[in-house]
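Working notes for the structure below.
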Amino acid sequence: MPDKPALLLHDTLTRRPIPVTPADGKRLGFYGCGPTVYGPAHIGNFRTFIAQDVFRRVVELSGTPTLHVRNITDVDDKTIRDSVKAGQSLTDFTQHWTKLFHLDCAALNLLSPHVEPKATEHIPHQIKMIEDLIKRGHAYKAGDGSVYFRVASFADYGKLSHLEDRELRLGAAQGANDSDEYSKDALADFALWKAHKPEDGANAWDSPWGRGRPGWHLECSAMSLEYLGAEFDLHSGGIDLIFPHHENEIAQSCCATGGHFARHWMHIAHLMVDGGKMSKSLGNLYTLDDLKQRGFTPAEVRYVLVSGHYRGPLNFTLHSLDAARSALANLVKFEKVLRDKTGIMAPQSHDEFVRNGNAGIFEAAWLALLDDLNVPKALGCVFGVVNSTKVAGFSAADAKAALGSLHFILDAIGIVLPEIIAEKTVTVPDDIQQLAEQRWVAKQAKNWAAADELRKKLEAAGWVIKDTKDGFEVRPK
RNA sequence: GGCGAGGUAGCCAAGUGGUAAGGCAGGAGUCUGCAAAACUCCUAUGCGACGGUUCAAUUCCGUCCCUCGCCUCCA
C-alpha cells in the first residue's frame, strides 16, 4: 500500500497529535473501556462507544486491520447492589443488561469488538496479577483481607492525568468517614481485591487472601494483558476515566508486567444535554429507547452523537435530532440521484460499494477524518460536495464512482442511510384513494375550486397529494 | 484550590495571523392552476469581556466573566 496517510490522533499522555500505527506493523490492538451493565446505557455512554467505532472504521479503511477489545464490567458495587435489589443472581442480572446493550449497539451500527471479555470470567487472571504485584512489592494485604496497590511505589503515577501532589488534596476531597478505606496505608492507595462484605451476598470468589472480589480497575489491566499483551497500541474511554481509572490501570499493568502498557491514549469528551450536564434528577438523561419512543431512529441518534468533535463537549438537544433527520434525508436524495444515474435500480449491497471504494470526490472529508477524527469537518465537506456536484452531467461511470466514494466516506463515519422513503409502499385506504381520484378528475376538468376542496378534505384526513408529471401520489401527511 | 475542555448566527457546529465550512431553521425567486418537488440565491462587519503584540487577531499573549468535566470506583 503506497504511502497511505496514517490517522493522526491526539494523545492524552503527550497532549499532542501522534500518528496511529500498529507497533507490530500489522494489526492495531486497542482496548476500550466498556459499560458497567446494571441498567440501560444512555446516549452519553454511546457517544464514547461511537467515537471509538469511528476510530476503528477509519483505521481499518486506511488499510490497517485492528484487534478491538472492549470489556463488560459485570461485577462492581452497582451491579451487586442492584442485582440484590432485583432479587436476581449477579449473572442473570448482568446478562439481561448486556443483552440490551448489544441490541442498542447493533441499532447504532457499532462494529462488534473482536473480543468482549467479562470481568467475572477473568477472576483467575486478576488474582494472578495481584500476586505478581505483591511479589514485586507494589501491593499489600490489609488487615481486613483486602489488597491495595501502593501508589507510592510507582514513580510515574499521575502522568496521564497530570495531577501533582495529590496527597495534599486528598484530605479535602475525601469524605469524613469512609469505612471502606480505613485499612489502607495511604489515602491514594486503591483496592485490587476487596474483602467480602455482608452486603455482597453470594458474590465472592476464593483467593489467596480470602473470599472477596476484584477491584474495578484491575479487570481492564488483566484482560488487556490477556488479549493484547503487556504493551499495546491504544487505549480509550470517556474523559472521566482518565483519573482514577486509567491512571490506576497504568500503575497496575506497568508494575505487574514491567511493560509500558498502552502506547497511545484517546479520551472522548462528555455529552451535554440542553447546555447542561446530563443527570437523572434533571430528567434529561436519555437512553436509545427513550428517543425511539419519541419517534427518532438510531441512525438519527448516531448522526447527532457524531456531529461534534470527540474531544470537545457536545450539546445534545431533541431539536438536533430533527436537524439530523433532514440532513440524512438530503444525503438519501443525493444517493438516489447518483444511483438512478448508474442505472442500478435495486439498492446494492453497502459492502459492494465500500469494498473497492476510495474517498474520490470526498477526499477532503476523508482527510478531515484522518486529522484527529474531525467528523464535523468531514460532514461539512460531504455536504459541500453534495451541494456543488452537478450529477446531471455525470456519465454512468462517474455516478458509480461517486456512489462508491459516498458510501466509503459514510461507512467511515458509520452512517447508514435510511431506507428511501419514496420507495416504501404505503397502503392507501379505498375512500382516500377515491377522493384523490375525484380530485384528479376535477383537476383535469380545470375545476380548481372542487380540486382544492378535495385536497383540503384529504389533508384533514391526514393525507397529502403530490402531483407528478402525468399523475398524482397520495401519501400520509 | 489543582488539572482539563469550552464560550462562533435563531439552534447545532467546523475553522484560520489576512478578514468567518457545513447542517437545521428562516427568507426571496424560477417553475407549477394551487400545493409539493426541483433548481437559483440570501441570512454573523462578527467569533464571551477588556487590554496587549502585529501592517493585520476571531485566530497569539495577559487579565477577567460564564459554562462543563475530573480531583478514588461516573462514558
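Here is how names work: the chains are called A, B, and so on, in the same order as the sequence lines, proteins then strands, and each is numbered from 1. Computed from heavy atoms alone, side chains included, the values below leave out hydrogens, waters and symmetry copies.
Scanning atom types as modelled, no donor and acceptor separated by under 3.5 angstrom connect the side chain of A:Asn330 and the base of B:G23. One cannot find a donor-acceptor pair under 3.5 Å joining the base of B:G33 and the side-chain atoms of A:Arg455.
Counting non-hydrogen atoms under 4.0 angstrom, A:Asp322 reaches nothing in the nucleic acid. Residue contacts for A:Gly238: at a heavy-atom cut-off of 4.0 Å it reaches the sugar-phosphate backbone alone, with no base atom in range. Using a 4.0 Å heavy-atom criterion, one finds that A:His270 contacts the bases of the nucleic acid, with or without backbone contacts as well. Counting non-hydrogen atoms under 4.0 angstrom, A:Lys333 reaches the backbone sugars and phosphates but no base. Across all strands shown, A:Ser320 has no heavy atoms under 4.0 Å from either base or sugar-phosphate atoms. A:Ile242 comes within 4.0 angstrom of nothing in the nucleic acid, heavy atoms only. A:Pro313 comes within 4.0 angstrom of the backbone, heavy atoms only, and of no base. Note on A:Lys78: only backbone sugar-phosphate atoms sit closer than 4.0 angstrom, heavy atoms only; bases stay farther off.
By the criterion of a centre-to-centre distance under 5.5 Å and near-parallel planes under 30°, the ring of A:Trp448 forms a stack with the base of B:G33.
Using the Watson-Crick or G-U wobble rule with both distances under 3.5 Å, B:G69 pairs with B:C3. Under the Watson-Crick and G-U wobble criteria, each requiring two contacts below 3.5 Å, nucleotide B:G26 is paired to B:C42. Nucleotide B:U53 has no partner under the Watson-Crick or G-U criteria, as no pair reaches both atom distances under 3.5 Å. Pairing partner, B:U32: none, since no Watson-Crick or wobble contact has both distances short of 3.5 Å. Taking a pair to require two hydrogen-bonding distances under 3.5 Å in either a Watson-Crick or a G-U wobble arrangement, B:G17 remains unpaired. The partner of B:U58 is absent, by the rule that a Watson-Crick or G-U pair needs both atom distances under 3.5 Å.
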*Test side chain to side chain contact (heavy atoms under 4.5 Å, CB included) on A:Arg70 and A:Cys105 and set out the steps.*
CA-CA 12 Å; A:Arg70 187 182 65 207; A:Cys105 286; 3.9 Å; yes

_Let's go through A:Arg294 and A:Asp290 carefully: what are the C-alpha distance in whole Å and the side-chain angles of both, what is the deciding distance for salt bridge (charged side-chain N to carboxylate O under 4.0 Å, His left out) to 0.1 Å, and is it a yes or a no?_
CA-CA 7 Å; A:Arg294 287 169 183 270; A:Asp290 292 336; over 6 Å; no

*Derivation and outcome, ring pair (Phe, Tyr, Trp, His ring centres under 6.0 Å), residues A:His122 and A:Tyr227*: CA-CA 11 Å; A:His122 295 79; A:Tyr227 299 103; 5.5 Å; yes

*Step by step, work out the side chain to side chain contact (heavy atoms under 4.5 Å, CB included) result for A:His102 and A:Glu116.*
CA-CA 11 Å; A:His102 285 155; A:Glu116 194 172 44; 2.6 Å; yes

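Spacing of P atoms, B:C68 relative to B:C61, comes out at 25 Å, to the nearest Å. Across the C1' atoms, B:G62 and B:U53 are found 11 Å apart, a figure rounded to whole Å. The gap from the C1' atom of B:G22 to that of B:C60 amounts to 27 Å, rounded to the nearest Å. B:A21 and B:U58 have their C1' atoms separated by 15 Å, given to the nearest Å. With C1' as the reference atom, B:A20 and B:G29 are 26 Å apart, rounded to whole Å. Nucleotides B:U67 and B:C34 have their C1' atoms positioned 50 Å apart, rounded to a whole Å. For the C1' atoms, the distance linking B:A37 with B:U45 amounts to 37 Å, nearest Å.
Which of B:C34, B:G15, B:U72 sits closest to the side chain of A:Asn374 comes down to B:G15. Proximity note for A:Arg15 (side chain, C-beta onward) versus B:A14, B:G4, B:C68: the nearest is B:G4. Residue A:His309 has its side chain nearest to B:A14 when only B:A14, B:G22, B:C68 are considered. Nearest to the side-chain atoms of A:Lys377 among the listed nucleotides B:A75, B:C11, B:G15 stands B:G15. Which of B:G33, B:A13, B:G69 sits closest to the side chain of A:Lys277 comes down to B:G69. The side chain of A:Ser326 lies closest to B:A25 when the candidates are B:A75, B:A25, B:C34. Of all nucleotides listed (B:A75, B:C24, B:A5), B:A75 comes nearest to the side chain of A:Met278. Here B:A75 is the nucleotide among B:G33, B:A75, B:A36 with the atom lying nearest to any side-chain atom of A:Asp240. For A:Asn387, whose side chain is taken as the heavy atoms from C-beta onward, the closest listed nucleotide among B:G22, B:A14, B:G69 is B:G22. Set against B:G33, B:A75, B:C24, the side chain of A:Ala323 has B:C24 as its closest nucleotide.
The distance from atom CD of A:Glu459 to atom C1' of B:A36 is 10 Å, rounded to the nearest whole Å. Going from atom CG of A:Asn447 over to atom P of B:G33 covers 15 Å, rounded to whole Å. Look at CD1 on A:Ile239: it is 15 Å from P on B:C3, rounded to the nearest Å. Between the NZ atom of A:Lys159 and the P atom of B:C71 there is a distance of 23 Å, rounded to whole Å. Atom C1' of nucleotide B:G23 and atom CG of A:Leu314 are separated by 13 Å, given to the nearest angstrom. Taking atom CG of A:Asp467 as the reference point, atom P of B:C31 lies 18 Å away to the nearest angstrom. Following rounding to the nearest Å, A:His246 (NE2) and B:G4 (P) show an atom-to-atom distance of 19 Å. Distance, A:Leu108 CG to B:A75 P: 16 Å, rounded to whole Å.
A:Lys277 and A:Asn284 get closest at one heavy-atom pair: O-ND2, 3.2 Å. Nearest heavy atom pair, residue A:Tyr31 against residue A:Ser224, reads CD1-CB, 3.6 Å.
Ring geometry for A:Phe232 versus A:His235: interplanar angle of 30 to 60°, hence tilted. Ring-plane geometry between A:His267 and A:Trp265 is classed as parallel, the angle between the planes falling under 30 degrees on a 0 to 90 degree scale with a further cut at 60. A parallel orientation is assigned to the rings of A:His245 and A:Trp216, their planes being inclined by less than 30° (bins at 30° and 60°). Between A:Phe55 and A:Phe30, the ring-plane angle classifies as perpendicular under the 30° and 60° cut-offs.
Distances shown here put every side-chain N or O of A:Lys390 at or beyond 4.0 Å from the OP1 or OP2 atom of B:A38.
Side-chain contact between A:Ile415 and A:Tyr303 is present, with heavy atoms from C-beta onward closer than 4.5 Å. Contact annotation: the side chain of A:Asp74 never approaches that of A:Thr79 to less than 4.5 Å [non-hydrogen atoms, C-beta and beyond].
Mapped onto RNA chain B by nearest heavy atom, A:Asn248 and A:Arg439 fall at different nucleotides, with A:Arg439 at the one closer to the 5' end.
Residues from residues 38-50 of chain A with heavy atoms under 4.0 angstrom of RNA chain B, sorted by number: A:His42, A:Gly44, A:Asn45, A:Thr48.
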